[in-house]
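Just so you know, these numbers use all the heavy atoms, side chains as well, and skip hydrogens, waters and symmetry mates. The chains referred to below are lettered A, B, ... by the order of the sequence lines, with proteins before strands, and numbering in each begins at 1.
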Amino acid sequence: MKTLNFQEIERKWQKYWEDNQIYKAVFDKTKPKYYVLEMFPYPSGQLHMGHARNYCIGDAIARYYLLKGYNVLHPIGWDAFGLPAENAAIKHKIHPKKWTDNNIENMRKQLKQLGISYDWSREINTSLPEYYKFTQWMFLKLYENDMVYRKKGIVNWCAYCNTVLANEQVIDGKCWRCHNIVGKKELEQWYVRITKYADSLLSELDSLEGWSDYVKQMQRNWIGKSSGAKINFRVPELNEFLEVFTTRADTLPGVTFISIAPEHPMVRKILEKNSNPELDLYLRRSMSLTTTERTKEKTGVFTGLYAENPLNGNLIPIWVANYVLVDYATGAVMGVPAHDQRDYEFAKVYNLPIIPVIMPEYEVENAAYEESKGKMFNVGFVGGILVDGMDCNDFRKFVVKYLESRGIAKEDINYRLKDWLISRQRYWGAPIPIVYCDSCGVVPVPFEDLPVMLPDDIEITGKGDSPLAYSSEFVNTLCPKCKGKAKRETDTMDTFVCSSWYFWRYTSPNETDKPFDPEELGYWMPVDQYIGGIEHAVMHLLYSRFMSHFLYDLGVVPTKEPFKNLLNQGMVCKDGKAMSKSLGNIVSIEEIIEKYGADTGRVFELFVAPPEKDIEWSDNGIEGVHRFLNRYFKYCIELINSEVYNHDQEVDHKRILNKVYKSLYKITEEFETQRYHFNTSIASLMEMLNYLEDNKDSVRRLNIKHKEILINILIKVLAPFAPHIAEELWSLWGKKDSVFKDKWPDINTEYLVEEKITIPVQINGKLRGQIEIENNAEIDQIMDCIKMDHKIYKHISDKTIKNIIFVKNKIVNIIV
RNA sequence: GCCGGGGUGGCGGAAUAGGUAGACGCAGGGGACUUAAAAUCCCCCGGAGGUCAAACCUCCAUGCCGGUUCGAGUCCGGCCCCCGGCACCA
């Protein structure tokens, strides 16, 4: 038996696919479309088998839809701007562009070696002016609609990356990219008003049926909507109001103090009015601490001022407290120690009174009763109405209305989500198309002047301010409005801006005067299946959804939600950890291709577990898959070359075709239900092959028609997973065109029905045996068989049958 | 603490309109072929017990304890543990 040369076969078909442009997606309204997209990679240098999983999953789906006759759009590109290119520039004295382009070249070659079905004519690269011109276009659209603004404030600062970070990009206090602790800095920066779309982003999650609850929940958490009311407390000494936000207005009668954040503007006014060394010291101390240090335990200091409870005019002390966040809601909270655990802890530290106003429904000891359940007490009359005995939920509504009528409260909603900080003090990114003019102020660069080109001759030092600021040629420009002297913005955009719209660009990547062609966009969108890692559950997926909602409202894009179905694949681990270059536990693509071929590597990654689970790389496992593919190939060759017998010699062809059609059914279903558990699909291929090999004689005697059905299915069902082998078999079978130009086999339901089936027989719910009987047999017939079956019958022979439960073709349960 | 997902052989994992638990693969054991090895092929493989042995038979097994049901990995109630998200968000 000649051994298979996977590498040779793979090279041959990869060349064929490229020469014949098999995967080119051509806009054609008469055909149904299917858009499969894998999150595009950052060109870090090398792909390994950990990265490959994403592409293998997407490729199986793309190839299935090709075979189903869809017009498939399966593109790839490069998220090419970003920090590592600059770090490489500093370390190796190589220009970021050069470094990036080299990496892309290498990774492109690797993807081609894997044989992924990309339409390479649509390849994009976010670092090319042809692309970032439209990233700037996006910025201008936002600007035009007052969705982007400049603000001075405290920002997340990564000292290692020398740049600011958006909130989403700080994970557990660490930088999402370099994992170093993130600090604070006060800077004037550009923000996108994503919070304006908080409600839209939240409510549309419900429409995303093709997303996992898991990711949707993460987005809900991140947006963090909370409904309540703003309430004004008068501060007589300052003769002004202090506004607090609360979700529990019903606890207002129980307020015993007010806490404000150290950065709250009122603190400065208090200090201006009276000197307060204690307060001064406290402020200085909290400012010098990091967020984590600051929030270890509750501390605070009395300001010396009082506020009036709007319900009863009682004077309550105003404290500055470390547990109040300045950047959430009003930066001030009403302290209700009886019904809020945090306030309770604070009150305990400083001996503040605790006044319960809701009767707890169970015993509470050394803690606040936080439930929104129970009757009010201890309150008396509010607005002429007796509150005591009222349900706290009713009182909450009542009290807000009552205060609202007096103009001191208002229903309000707050979000955890913050505006998206998009300026970056880095070189390798899309320049922000803004000009500062002494006479006109902030002026956007006109659309027709795009792109604002990133200059090539920049020295990258990694010193911490924008490298572009050092290029006088870049900085000094003329004001688009008055033509006077002006300076350019020198920050570049967060790379998440580049990736928040790339999926639209693929639909018409060569447009030069607009980001995309509306016709093509209308045809291809939305992305039918998006595939990527869970790490982007909030960052990339939230930003992209935002851009989509925004542009949908402008009528620029055809769907509100860009990604109809989302699959988050798990990580590929080795030695228990995610494969990564820095950990030195990678399995390279080249190594796998050289040893086993791409098809083996691909099938292994699909077979070992369902796509959403993490998998552990296994050398033994891949050997097993390699053995299987070899057997499959050899079996098919033998079958193709086998002599065809006279049809009247055919025996039990139904049994053979039943097995094969069952496999086809199983595999088809896995795609159609979008479950994509390809591990079971491949298991059913293995089962089918085992069965065919065990029944060689029956297969040998198939007539020509049945043999052709068999070969056709064998090749097609393999094709989405091992495309090179499938192509080779197809051509060895004498077919001229690519197998992917052919059709996925129809399921012949006639063969799905088995003639004889095995029915389990239980006595009192315990399995006592099986009987083989024809399909759809009735209970009488089955009972006759049971009586002849000694093993089963002995359990009932000396007993009386009380009941028989019979589910046709499923089970018999005899109760004695 | 709140929210989401999950606990099945030595391992990865199958099986959900409740119906033969452990498909398929890996590892392991035995055998065939071979001078030998590799490759390939065949057989066994959850646990305990019965029989000299085998065929076979019995009992126990899907995190734990209950419940519903003729029948529960699957449904319900209560616990334990693991993974992930949010977390002094008022």
Side-chain angles (χ1 to χ4, degrees), chain A residues 1 3 171-172 212-226 228-229 231 244-249 251 258-259 261 291 294-298 321-325 327-336 339-346 370 414-418 534 537-538 603-604 607-610 612-625 627-628 630-631 634 666 677 679-690 693-694 758-770 791 794 802-807 809-816:
Chain A
M1 178 71 58
T3 45
I171 293 158
D172 290 332
S212 66
D213 291 336
Y214 177 62
V215 173
K216 287 192 274 192
Q217 197 54 38
M218 278 171 80
Q219 294 218 349
R220 278 186 204 108
N221 280 344
W222 191 261
I223 294 167
K225 181 176 182 170
S226 117
I231 300 174
V244 304
F245 174 74
T246 179
T247 55
R248 294 295 304 277
T251 63
I258 285 187
S259 299
T291 322
R294 204 165 124 177
T295 53
K296 266 191 185 141
E297 52 191 35
K298 289 187 177 55
N322 65 343
Y323 74 95
V324 183
L325 306 170
D327 53 359
Y328 183 76
T330 64
V333 301
M334 54 185 222
V336 188
H339 302 294
D340 183 290
Q341 188 59 25
R342 296 154 302 183
D343 297 341
Y344 178 86
E345 285 161 20
F346 189 76
E370 294 190 298
N414 269 292
Y415 298 93
R416 211 186 74 98
L417 180 72
K418 303 265 167 25
I534 191 71
V538 176
V603 172
F604 168 74
F607 176 61
V608 72
E612 64 276 8
K613 284 198 81 159
D614 289 350
I615 58 173
E616 176 68 24
W617 186 266
S618 151
D619 290 332
N620 287 323
I622 199 161
E623 294 275 356
V625 167
R627 271 198 291 272
F628 160 70
N630 258 303
R631 261 174 66 212
K634 284 176 190 167
K666 171 84 190 87
H677 283 195
N679 55 328
T680 63
S681 306
I682 289 159
S684 85
L685 289 179
M686 291 171 167
E687 240 179 295
M688 172 173 69
L689 181 63
N690 290 345
E693 285 184 334
D694 290 347
T758 309
I759 290 189
V761 179
Q762 298 181 335
I763 315 292
N764 286 345
K766 277 212 166 96
L767 182 73
R768 295 299 181 187
Q770 296 97 347
K791 273 185 229 155
K794 69 177 186 191
K802 279 198 214 149
N803 192 11
I804 296 172
I805 284 118
F806 171 62
V807 182
N809 296 336
K810 278 269 175 186
I811 203 161
V812 179
N813 189 3
I814 300 164
I815 312 304
V816 294

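- Among the heavy atoms of the strands lying under 4.0 Å from I805(A) is at least one base atom, whether or not backbone atoms are also near.
- Using C1' as the reference atom, rA21(B) and rG4(B) are 28 Å apart when rounded to the nearest Å.
- Between the E370(A) side chain and the Q341(A) main chain, a donor and an acceptor come within less than 3.5 Å of each other.
- Nucleotide rC59(B) is matched to rG47(B) when pairs are restricted to Watson-Crick or G-U wobble geometry with both distances under 3.5 angstrom.
- Nucleotides rA72(B) and rU62(B) place their C1' atoms 11 Å apart, quoted to the nearest Å.
- Side chain of D340(A), nearest nucleotide from rG84(B), rG19(B), rA90(B): rA90(B).
- R631(A) comes within 4.0 angstrom of sugar-phosphate atoms only, judged by non-hydrogen atoms across all strands, and of no base.
- Taking side-chain N and O atoms only, N620(A) has a distance below 4.0 Å to OP1 or OP2 of rA27(B).
- With distances taken from any side-chain atom of N679(A) to the nucleotides rG19(B), rG84(B), rA14(B), the minimum falls on rA14(B).
- Going from the C1' atom of rC64(B) to that of rC80(B) covers 7 Å, rounded to whole Å.
- Considering only side-chain atoms of N221(A), the nucleotide from rU20(B), rA90(B), rC86(B) that sits closest is rC86(B).
- Put simply, CG on L685(A) and NZ on K666(A) are 10.5 Å apart, with the number rounded to the nearest 0.5 Å.
- Taking 4.5 Å as the limit, every side-chain heavy atom of Y328(A) sits out of range of all side-chain heavy atoms of T330(A).
- Using modelled atom types, no side-chain atom of D340(A) and backbone atom of G335(A) make a donor-acceptor pair closer than 3.5 Å.
- Pairing partner, rG22(B): none, since no Watson-Crick or wobble contact has both distances short of 3.5 Å.
- Y328(A) has a side-chain polar atom (N or O) that falls below the 4.0 Å cut-off from OP1 or OP2 of rA90(B).
- Rounded to whole Å, the separation between the C1' atoms of rU40(B) and rG50(B) comes to 40 Å.
- Distance E370(A) CD to rC88(B) P: 14 Å, rounded to the nearest Å.
- Distances shorter than 4.0 Å separate some side-chain N or O of R768(A) from OP1 or OP2 on rU58(B).
- Protein atom CD of E616(A) is 16 Å distant from nucleotide atom C1' of rG10(B), rounded to whole Å.
- The side chain of N322(A) sits closest to rC88(B) out of rC88(B), rA21(B), rG12(B).
- The shortest heavy-atom contact between Y214(A) and I534(A) is CE2-CD1, 3.2 Å.
- The separation between D614(A) atom CG and rC11(B) atom P is 18 Å, rounded to whole Å.
- For rU69(B), there is no paired nucleotide, since no Watson-Crick or G-U wobble pair has both relevant distances below 3.5 Å.
- Going from atom CD1 of I815(A) over to atom P of rG19(B) covers 17 Å, rounded to whole Å.
- Residue-level contact check: S618(A) touches neither bases nor backbone, having no heavy atom under 4.0 Å from any strand.
- Rounded to whole angstrom, the span from the CZ atom of R627(A) across to the P atom of rA38(B) amounts to 13 Å.
- Counting only distance, with no hydrogens or angles, the side chain of N414(A) and the backbone of S226(A) share no donor-acceptor pair below 3.5 Å.
- Both T330(A) and I171(A) lie close to RNA chain B; mapped to their nearest nucleotides by heavy-atom distance, the more 5′-ward contact belongs to I171(A).
- Residue side chain N813(A) reaches the base of rC70(B) through a donor-acceptor N/O pair under 3.5 Å, judged by distance alone.
- One C1' atom belongs to rG7(B), the other to rA39(B), and the distance between them is 40 Å to the nearest Å.
- The F607(A) side chain lies nearest to rG12(B) when the options are rG4(B), rA90(B), rG12(B).
- As the counterpart of rU16(B), no nucleotide is assigned, since no Watson-Crick or G-U wobble pattern has both distances under 3.5 Å.
- Put simply, K613(A) has no side-chain N or O that comes within less than 4.0 Å of OP1 or OP2 on rG12(B).
- In the set rA90(B), rG25(B), rG85(B), rA90(B) carries the atom at the smallest distance from any side-chain atom of A329(A).
- The phosphate of rA90(B) (OP1 or OP2) has no side-chain N or O of S259(A) nearer than 4.0 angstrom.
- Closest contact between the side chain of Q770(A) and the listed nucleotides rU20(B), rA27(B), rA14(B) involves rU20(B).
- What you find for I805(A) and I815(A) is that their closest heavy atoms are CD1-CG1, 4.1 Å.
- rU16(B) and rG73(B) have their P atoms separated by 14 Å, with the value rounded to a whole Å.
- The nucleotide rA54(B) finds no pairing partner, because no Watson-Crick or G-U wobble arrangement with both distances shorter than 3.5 Å includes it.
- Base-pair partner of rC2(B): rG85(B) (Watson-Crick or G-U wobble, both distances under 3.5 Å).
- Between D694(A) and V625(A), it is V625(A) whose nearest contact on RNA chain B lies nearer the 5' terminus.
- In this entry rC41(B) has rG31(B) as its Watson-Crick or G-U wobble partner, both defining distances falling under 3.5 Å.
- Counting any heavy atom pair closer than 4.0 Å across all strands shown, S684(A) reaches no nucleic acid atom.
- For rG9(B), the glycosidic angle deviates from 0 by 90° or less, giving a syn base.
- Put simply, the side chain of V244(A) does not reach to within 4.5 Å of the side chain of V333(A), judged on heavy atoms.
- Comparing rA90(B), rU20(B), rA14(B) against the side chain of F245(A) picks out rA90(B) as the nearest.
- Residue V333(A) places its side chain closer to rA90(B) than to any other of rA90(B), rG19(B), rG84(B).
- For K298(A) and F346(A), the positive end is not near the middle of the six-membered ring at less than 6.0 Å and at most 45° from its axis.
- Summarising the geometry, atom NE2 belonging to H677(A) is positioned 3.5 Å from atom CD belonging to E612(A); distances are rounded to the nearest 0.5 Å.
- Rounded to an integer number of Å, the gap from F604(A) CZ to rG13(B) P is 11 Å.
- Between R416(A) and rA90(B) there is no side-chain N or O to OP1 or OP2 distance below 4.0 Å.
- Here G224(A) lies out of heavy-atom contact (under 4.0 Å) with every strand.
- Comparing rG22(B) with rC45(B), their P atoms sit 12 Å apart, to the nearest whole Å.
- For the pair Q762(A) CD and rG19(B) P, the interatomic distance rounds to 11 Å; values are reported in whole Å.
- Here, rC24(B) and rA15(B) have their P atoms 13 Å apart, quoted to the whole Å.
- Checking rA23(B), rG13(B), rC3(B) against the side-chain heavy atoms of P610(A) singles out rG13(B) as nearest.
- At the heavy-atom level, N690(A) lies under 4.0 Å from the strands shown only through sugar-phosphate atoms.
- Rounded to whole Å, atom P of rG73(B) lies 13 Å from atom CG of L767(A).
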